[in-house]
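Keep in mind the model is a prediction, meaning the values are calculated, not measured. Reminder, nothing fancy here: chain letters follow the sequence lines and each chain counts from 1.
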Amino acid sequence: GAVVSQHPSRVICKSGTSVKIECRSLDFQATTMFWYRQFPKKSLMLMATSNEGSKATYEQGVEKDKFLINHASLTLSTLTVTSAHPEDSSFYICSASRGDYEQYFGPGTRLTVT
Amino acid sequence: AQSVAQPEDQVNVAEGNPLTVKCTYSVSGNPYLFWYVQYPNRGLQFLLKYITGDNLVKGSYGFEAEFNKSQTSFHLKKPSALVSDSALYFCAVRDGAAGNKLTFGGGTRVLVKP
């Protein structure tokens, strides 16, 4: 149990376009979902925390208008990178919590902006 | 504020030898401690956790970790390393008194040589 999926696994987009990444909890209801960004050979940086039905809480330094997060249901959260630029290229990982002390991680999405 | 330190960027070990990956933490409340492993272009895989109870925690793939409150450490160990253990390892902490955010260490790359 506690499986989290992400779609797509890889995406290439042109500079200036927007791209949406989905995070789904497949076999449990996620009261909270988290979005992380990971640069090559670096640790995970928490971008935002989202609770179902409410606005996401962004970490300091993360532009909420650029990284739009929607937690529409207890099994789905989306991250939209708007007006993407090459510096947004990164590995994005989501995790989901069902209200206990654990987070269950998705497999990640590799975004490349050309 | 909570923080995690992994003092070694990389650990090299010969196959069959013991493996230790170091982690120290700082929290204001009770620590919830986690170890994850990441293979290239993949998400995080859970190895083990300490919430309460026995200081020695056994996890997946033969890994274990020892919680040491006085030294604020949670080192990951494996008695006999395998080449397939070569990966990136992350220690993470959640402050029991500060919500459900995880803070990650910088990661330690483990290279097991045959």
Side-chain angles (χ1 to χ4, degrees), chain A residues 1-11 21-26 30-52 56-60 62 89-112, chain B residues 1-11 21 23 25 27 29-53 57 59-60 67 86-111:
Chain A
V3 179
V4 176
S5 70
Q6 280 185 242
H7 178 80
S9 57
R10 287 178 174 271
V11 59
I21 302 169
E22 292 185 348
C23 177
R24 293 182 185 270
S25 56
L26 298 184
T31 54
T32 306
M33 286 186 168
F34 304 83
W35 286 95
Y36 296 85
R37 182 173 179 176
Q38 185 180 28
F39 292 98
K41 300 182 180 181
K42 296 289 186 181
S43 187
L44 278 72
M45 181 192 78
L46 179 64
M47 299 174 67
T49 303
S50 74
N51 293 295
E52 186 265 339
T57 301
Y58 290 80
E59 295 299 300
Q60 192 172 9
V62 178
S89 298
S90 193
F91 195 54
Y92 292 88
I93 301 176
C94 75
S95 71
S97 170
R98 52 190 177 190
D100 56 12
Y101 45 75
E102 288 204 43
Q103 291 183 25
Y104 304 94
F105 287 83
T109 297
R110 170 77 57 197
L111 170 63
T112 303
Chain B
Q2 56 197 44
S3 66
V4 180
Q6 292 179 243
E8 300 156 315
D9 288 338
Q10 180 159 326
V11 170
V21 186
C23 171
Y25 66 89
V27 297
N30 290 322
Y32 297 169
L33 293 154
F34 303 83
W35 274 103
Y36 296 90
V37 61
Q38 185 181 36
Y39 294 95
N41 294 311
R42 299 289 187 91
L44 273 64
Q45 294 181 27
F46 170 80
L47 284 178
L48 51 79
K49 65 179 183 284
Y50 172 83
I51 305 299
T52 187
V57 178
S60 306
F67 171 63
S86 299
L88 188 56
Y89 291 79
F90 290 103
C91 180
V93 68
R94 175 189 164 190
D95 188 336
N100 55 3
K101 286 185 187 180
L102 277 179
T103 298
F104 285 85
T108 298
R109 186 163 302 278
V110 169
L111 179 60

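Contact of the F34(B) side chain with the Q103(A) side chain is not registered, since no non-hydrogen atoms from C-beta on lie closer than 4.5 Å. Looking at heavy atoms from C-beta onward, F105(A) lies out of side-chain contact with Q38(B) at the 4.5 angstrom threshold. Taking 4.5 Å as the limit, some side-chain heavy atom of L44(B) sits within range of a side-chain heavy atom of L44(A). By the 4.5 Å heavy-atom criterion applied to side chains, K101(B) and T57(A) are not counted as neighbours.
For Y104(A), no part lies under 4.5 angstrom from a heavy atom of chain B. Of the two parts of L88(B), only the side chain, counted from C-beta on, holds a non-hydrogen atom closer than 4.5 Å to a non-hydrogen atom of chain A. If you measure heavy-atom distances from T109(A) to chain B, you find no contacts under 4.5 Å at all. Interface remark: Q38(A) contributes side-chain atoms only to the contact with chain B (heavy atom separation under 4.5 Å). Heavy atoms of F104(B) lying under 4.5 Å from chain A belong to its backbone as well as its side chain. With a threshold of 4.5 angstrom between heavy atoms, Q6(B) does not approach chain A through any atom at all.
Scanning all heavy atoms of the two residues, the minimum distance from F46(B) to E102(A) falls at CE1-OE1, 4.1 Å.
A side-chain donor-acceptor contact under 3.5 Å links S43(A) to the backbone of G105(B).
Of the residues considered (G106(B), A92(B), G107(B)), G106(B) shows the highest number of contacts with chain A, using heavy-atom pairs under 4.5 Å.
Other residues, nucleotides and ligands contribute only 12 or fewer heavy atoms inside 6.0 Å of the CZ atom of R42(B).
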